[in-house]
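To start, the structure itself, in structure tokens.
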Amino acid sequence: MTFNDFHHRVRRMGLRHLYDELPRRRNRLQSLLSRVGAGERHAIALECRVAVYHDLGNRSDAYREALELDEVRRELNDDRATARRLQVEYRQHVEWIARMEARAV
């Protein structure tokens with residue numbers, strides 16, 4: 001979305017609506033960051049289990065845990081990318097509100 005698109009949206013919806021949207025955006029980002037943290041902790045636990053099973057010679061359980069670890073890592077990569085995008089969008093939203101306020105004065 002460009003600033004001009006944003007400006008037209010503000011004119012239709014009003015600046016107050018944009019302020020009301022900020023907590024929703026922030027909550028979504030915080031929720032995703034919490035999920036990333038939980039995923040990272042889960043990945044660490046899986047890495048440890050894979051290593052233990054490997055050291056014990058239990059290949060089948062090591063393989064099973066390694067497959068789960070791969071899936072967790074894929075999800076983490078996706079969640080991190082989404083979090084970066086949401087952070088940029090949130091900062092952009094705040095900056096655009098500030099620009100709209102400056103124009104209103």
Side-chain angles (χ1 to χ4, degrees):
M1 175 186 303
T2 66
F3 179 73
N4 286 335
D5 295 336
F6 185 78
H7 184 261
H8 292 296
R9 183 176 170 208
V10 169
R11 293 177 87 187
R12 284 193 321 268
M13 297 164 44
L15 196 55
R16 184 73 228 154
H17 175 76
L18 297 174
Y19 276 113
D20 293 343
E21 199 174 318
L22 282 175
R24 181 189 60 78
R25 288 176 177 266
R26 184 178 52 246
N27 290 342
R28 182 172 178 218
L29 177 58
Q30 288 173 339
S31 174
L32 185 57
L33 292 174
S34 292
R35 191 167 83 194
V36 167
E40 288 171 344
R41 289 186 296 277
H42 186 60
I44 290 169
L46 286 169
E47 288 171 359
C48 291
R49 288 200 301 256
V50 168
V52 168
Y53 285 136
H54 182 268
D55 290 346
L56 294 174
N58 187 340
R59 285 193 228 168
S60 62
D61 284 341
Y63 181 73
R64 181 179 40 83
E65 296 293 325
L67 289 176
E68 184 178 351
L69 177 58
D70 284 344
E71 179 62 26
V72 168
R73 286 178 175 162
R74 275 191 294 279
E75 290 172 3
L76 276 171
N77 286 335
D78 291 345
D79 287 347
R80 287 180 185 128
T82 301
R84 284 190 298 272
R85 182 182 53 81
L86 291 177
Q87 286 171 329
V88 167
E89 289 175 2
Y90 181 82
R91 283 192 301 270
Q92 189 177 49
H93 193 84
V94 170
E95 290 170 8
W96 287 349
I97 287 173
R99 286 175 66 180
M100 293 304 299
E101 287 177 333
R103 283 186 177 189
V105 176

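All values below come from the heavy atoms of this structure, side chains included, with hydrogens, waters and symmetry mates left out. What you see is a predicted model, and the numbers here were worked out from it, not measured in a lab. In this chain, numbering begins with 1 at the start of the sequence shown.
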Qualifying residue for side chain to side chain donor-acceptor pair (under 3.5 Å) with Tyr90, from Arg85, Glu95, Arg26, Arg28: Arg26
Heavy-atom side-chain proximity of Glu75 to Arg35 below 4.5 angstrom: no
With sequence neighbours excluded, residues passing salt bridge (charged side-chain N to carboxylate O under 4.0 Å, His left out) with Glu47: Arg73
Cluster link Val36 to Leu29, ILVMFWY, side chain under 4.5 Å: no
Leu86 and Arg25, any side-chain heavy atoms less than 4.5 Å apart: no
Gap separating the CD atom of Glu40 from the NE2 atom of His42, nearest 0.5 angstrom: 12.5 Å
Residues in salt bridge (charged side-chain N to carboxylate O under 4.0 Å, His left out) contact with Asp78, at least two apart in sequence or another chain: none
Heavy-atom closest contact (Leu76 atom, Ala43 atom, distance): CD1-CB, 4.2 Å
Contact check, side chains of Leu22 and Ile97, non-hydrogen atoms, under 4.5 Å: yes
Pairwise side-chain contact, Glu65 with His54, heavy-atom cut-off 4.5 Å (strictly under): no
Separation of Leu46 CG from Glu71 CD (nearest 0.5 Å): 11.0 Å
Nearest-0.5 Å distance that lies between atom CG in Leu33 and atom CD in Gln87: 5.5 Å
Close side-chain approach of Leu69 to Arg49, heavy-atom, < 4.5 Å: no
Under the salt bridge (charged side-chain N to carboxylate O under 4.0 Å, His left out) test, residues paired with Asp70 that sit two or more places apart: none
Euclidean distance, Arg84 CZ relative to Asp79 CG, rounded to 0.5 Å: 10.5 Å
